[in-house]
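Remarks on the structure that follows.
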Protein chains: 6
Amino acid sequence: MVYLTRKEHFNAAHQLYNPSWSEEKNIEVFGKCANKNFHGHNYNLFVTVKGKPNPDTGFIMNVKTLSNLIQQEVCELLDHKNLNMDVPELKGTFASTENLAIFIWNKLNPLITECSLHCIELWETENIYTKYYGETD
Amino acid sequence: MVYLTRKEHFNAAHQLYNPSWSEEKNIEVFGKCANKNFHGHNYNLFVTVKGKPNPDTGFIMNVKTLSNLIQQEVCELLDHKNLNMDVPELKGTFASTENLAIFIWNKLNPLITECSLHCIELWETENIYTKYYGETD
Amino acid sequence: MVYLTRKEHFNAAHQLYNPSWSEEKNIEVFGKCANKNFHGHNYNLFVTVKGKPNPDTGFIMNVKTLSNLIQQEVCELLDHKNLNMDVPELKGTFASTENLAIFIWNKLNPLITECSLHCIELWETENIYTKYYGETD
Amino acid sequence: MVYLTRKEHFNAAHQLYNPSWSEEKNIEVFGKCANKNFHGHNYNLFVTVKGKPNPDTGFIMNVKTLSNLIQQEVCELLDHKNLNMDVPELKGTFASTENLAIFIWNKLNPLITECSLHCIELWETENIYTKYYGETD
Amino acid sequence: MVYLTRKEHFNAAHQLYNPSWSEEKNIEVFGKCANKNFHGHNYNLFVTVKGKPNPDTGFIMNVKTLSNLIQQEVCELLDHKNLNMDVPELKGTFASTENLAIFIWNKLNPLITECSLHCIELWETENIYTKYYGETD
Amino acid sequence: MVYLTRKEHFNAAHQLYNPSWSEEKNIEVFGKCANKNFHGHNYNLFVTVKGKPNPDTGFIMNVKTLSNLIQQEVCELLDHKNLNMDVPELKGTFASTENLAIFIWNKLNPLITECSLHCIELWETENIYTKYYGETD
């Protein structure tokens, strides 16, 4: 088993705000992230797949195919978007890095068929990232 | 003359949109940056000052003082903010990286008195940055 | 299960020296790291916790809380310190990156209660790091 | 168990080309990587070993020994080389990042005796890397 | 005057070899870089332009236009190529980082008309780069 | 004129302390950097030379020669050392990043004869660096 990782990125606005809480509680819990006019990040996304190298190519998956898939299915949806307003599938969830990693896993997992999706690693800043390995982890 | 640089960062939302233009022209010129619901970035800011080392300290400026100054005067104003909506002094200007670098220069320049402000370097993404050296450049 | 990582840093002096050995053997084994007047590093520390996102926040742990905890319990103790002389709990152990990772795990593990500590990753230079996952690994 | 990682690098030329395929099929599958005159990369290599810290040193393995081993056994063989033409042991295999990671594992694994080889992580560009943990993974 | 920089990259093979010298002298001067079968690098290219922000956009140049220009005029020509064999305009020159920076300046300079080309910065590895500011520097 | 830069690094301990001041004033000015038992850093050093490419090599200076020179004249002297105690030439000066950059310039400048030394850039941490261009700047 070999693991292959491809990095892509997207830039997006978001806020963290629980509408069932008071303004005070939102600021207490989410701090500056609760700003109603949004703030934003450059997200760096590392997608890892695993499998055995194909004897005809030496690849477990063509990394160009993987890159195109991430761009079409994830970056097209999230890049230069407002994660709270522009992405219907994220409505009603918190746009936390944790939830975004799960969301990206669920978008990509059904589409990776020649090998297996192993991990979604999502960097929100240079100092914060999350990893998700799917439900069976 | 020695040059001393300090890195700080802030995360913000913005859009690029010319209200005197049609929607079509905005999309043609600004592309995805014209999204009305905003997108965002992790900005990395490098502030450079120049001067002669003080014989009592070996410093041209105490880097902790410089760091505090940048945080109080710039990051406090821009971090986790919407650059188009939350910063009164930026109203009516385009929140381009070029204009932000000039804005930051103008905020810091009057406050650096023991040596001279030399350069504002502002990274919008890992692939794009601007530099501004003041008007006398 | 989702994994959340926070990066912090500290700068410290240390030496690697076994007092039960001769000077020659220390230099043979530890090389330049045995310098009796110490040398130092900028340590980068990545702390990973794991758990399920809280439905009220989307967080497995508030990353600001995690950051404060690391700063108070680890950086306060180690930053701008001499690891051989200034840290009573490290007396009598080698200040190797391996031992520092275990030490940091033992400081943080009892204090992370709303989710689980998963990994301590400690970079001594850009080219060397250690990871520790606790004793049950 | 503690994990220790050392980074080394090498620069090499290669091509990806399946001689049993037509020129057209090679370009369709490998794209620009099929260029018959070769292209090249700066490879970054992270080698991870695992074990228990030695009570006499605090090390699971002397990182200088590990660095020398990687340089002598791997970098000496691959640095400033053409991976398709200059490395007899790679003849007849595809010089994919996947296969290179396996090759490097097989070179180093028999030589690491005081602790265990855990992982080979090989970056081909800033955006692509593979990991290999040996056959028992 | 504001300076705007855009990063692009390309991967290429090359060798450094002076055909008017003996094999011995080539190895003495160029070392491993003289390998006749080539080696290669991931080149990182930073292109800086300078000018005044346009009052209609806040841009000194649209960074998307600059990116497309670099990709079409430079990366298309050099990416996944053998710099000694595949680039007619480089025939008869040494493919040193110094000469490549001058070559890229000469390709881009006539095409940047709405503002001025200021600098070509070309990284051959993480440890080596050159800068060229044109002849009038 | 082309500029060529080479990165090297060294790890060292230091303190910032003015012996003509009281303990209180030292802590007020230098903060944690005044720790009498020292702290330390991984220093990254970028040395830039300038000149015209040699028509026989395409080099303004052989970067291997430049690297060896920096290692022998600077790193040999500073790496794994205590900058306050182990370096006779630094006795009586503050081991600030500003002064270190000047010190390194003065060590290297007389030895670079085939082209000109242009700049010493010294990173003390990921967030702080100084630059020195010599007295004629």
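Proteins come first, then strands; the chains are lettered A, B, ... in the order of their sequence lines, and each starts at number 1. What you see below is based on every heavy atom in this structure, not just the backbone, and it leaves out hydrogens, waters and symmetry mates. Keep in mind the model is a prediction, meaning the values are calculated, not measured.
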Just checking [X]: does its [atom1] atom have more than 12 heavy atoms from other residues, nucleotides or ligands closer to it than 6.0 angstrom?
| X | atom1 | result |
| --- | --- | --- |
| E/K91 | NZ | yes |
| D/K64 | NZ | no |
| E/E76 | CD | no |

Please work out whether the ring planes of E/H80 and D/H41 are parallel, tilted or perpendicular, with thresholds of 30° and 60°.
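Answer is perpendicular, since the angle exceeds 60°.
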Can you tell me how far the CG atom of E/N84 sits from the CZ atom of D/F38, to the nearest 0.5 Å?
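Separation between the atoms: 12.5 Å.
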Measure across [X] and [Y] and return the closest heavy-atom pair with its distance rounded to 0.1 Å.
| X | Y | answer |
| --- | --- | --- |
| D/N82 | E/N35 | N-ND2, 3.8 Å |
| E/N44 | D/E126 | ND2-OE2, 2.7 Å |
| D/N11 | E/H39 | O-CB, 4.1 Å |
| D/T125 | E/N42 | CA-ND2, 3.6 Å |

Using side-chain heavy atoms (C-beta onward) and a distance below 4.5 Å, is E/D79 in contact with D/K32?
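The answer is yes; the side chains approach within 4.5 Å.
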Top of E/Q15, E/H14, E/M85, E/K36 for chain D proximity - count of heavy-atom pairs under 4.5 angstrom:
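Counting heavy-atom pairs under 4.5 Å, the top option is E/M85.
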